[in-house]
Visitor: 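My questions all concern the structure below.
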Amino acid sequence: MPHKSPSRLELALISEVHKLGYQVTATQLERWRHQLWLPRTKEWLGDDGNFRPEIVRRTIGLAQASG
């Protein structure tokens, strides 16, 4: 799978989960989207412009499962 530069939204999600004590990489986010474990980035934000809570929770869960 070719790697691309992370988008601003991906970097923001990485930062958000980091604030909560978890580490994820842009490569992991790309892989999880490819596996359909995370939705497309256009579905990450709620109407208020913030990350939907379930996206943050799912990302944290995937990070925990990745060890």
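Since this is a predicted model, take the numbers as computed values, not measurements.
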Visitor: Please report the interatomic distance OG1(Thr25) to CD(Glu10), rounded to the nearest 0.5 Å.
Guide: 10.0 Å
Visitor: Is any side-chain heavy atom of Leu45 closer than 4.5 Å to one of Leu9?
Guide: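 Answer yes - side chains close enough.
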Visitor: Would you say Leu29 and Trp44 make side-chain contact, with heavy atoms under 4.5 Å?
Guide: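 Yes, at least one pair of side-chain atoms sits under 4.5 Å.
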Visitor: Are Trp32 and Val24 packed together at the side-chain level, in the sense that at least one heavy-atom pair is separated by less than 4.5 angstrom?
Guide: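 When only atoms from C-beta onward are counted, Val24 and Trp32 do touch, with a gap below 4.5 Å.
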Visitor: With sequence neighbours left out, write down each residue that passes salt bridge (charged side-chain N to carboxylate O under 4.0 Å, His left out) with Arg58, or none if nothing qualifies.
Guide: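 For Arg58 there are no salt bridge (charged side-chain N to carboxylate O under 4.0 Å, His left out) partners, ignoring immediate neighbours.
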Visitor: Are any side-chain N or O atoms of Ser15 and backbone N or O atoms of Leu11, one a donor and one an acceptor, separated by less than 3.5 Å?
Guide: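 No; judged by distance alone, with no hydrogens or angles, the pair does not exist.
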Visitor: For Arg40, which residues count as a salt bridge (charged side-chain N to carboxylate O under 4.0 Å, His left out) partner, sequence neighbours excluded?
Guide: Glu43
Visitor: For Ile60, which residues count as a side-chain contact (heavy atoms from CB on, under 4.5 Å) partner, sequence neighbours excluded?
Guide: Val17, Leu20, Tyr22, Val56, Gln64
Visitor: Could you report the tightest heavy-atom contact between Ile55 and Pro39, atom names first, then the distance?
Guide: CD1-CG, 3.4 Å
Visitor: Who pairs with Arg52 by side-chain hydrogen bond (donor to acceptor under 3.5 Å, both in side chains), at least two apart in sequence or on another chain?
Guide: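 With neighbours one apart ignored, the set is Glu54.
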Visitor: Which distance, rounded to the nearest 0.5 Å, do you find between the CZ of Arg8 and the OG1 of Thr41?
Guide: 13.5 Å
Visitor: Return the set of residues passing side-chain hydrogen bond (donor to acceptor under 3.5 Å, both in side chains) with Asp48 (not counting sequence neighbours), or none when no residue passes.
Guide: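 Residues passing side-chain hydrogen bond (donor to acceptor under 3.5 Å, both in side chains) with Asp48: Asn50.
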Visitor: Taking side-chain contact (heavy atoms from CB on, under 4.5 Å) as the test, write out the residues that go with Gln35, two or more places apart.
Guide: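 In terms of side-chain contact (heavy atoms from CB on, under 4.5 Å), with neighbours along the sequence ignored, Gln35 is linked to Arg31, Trp37.
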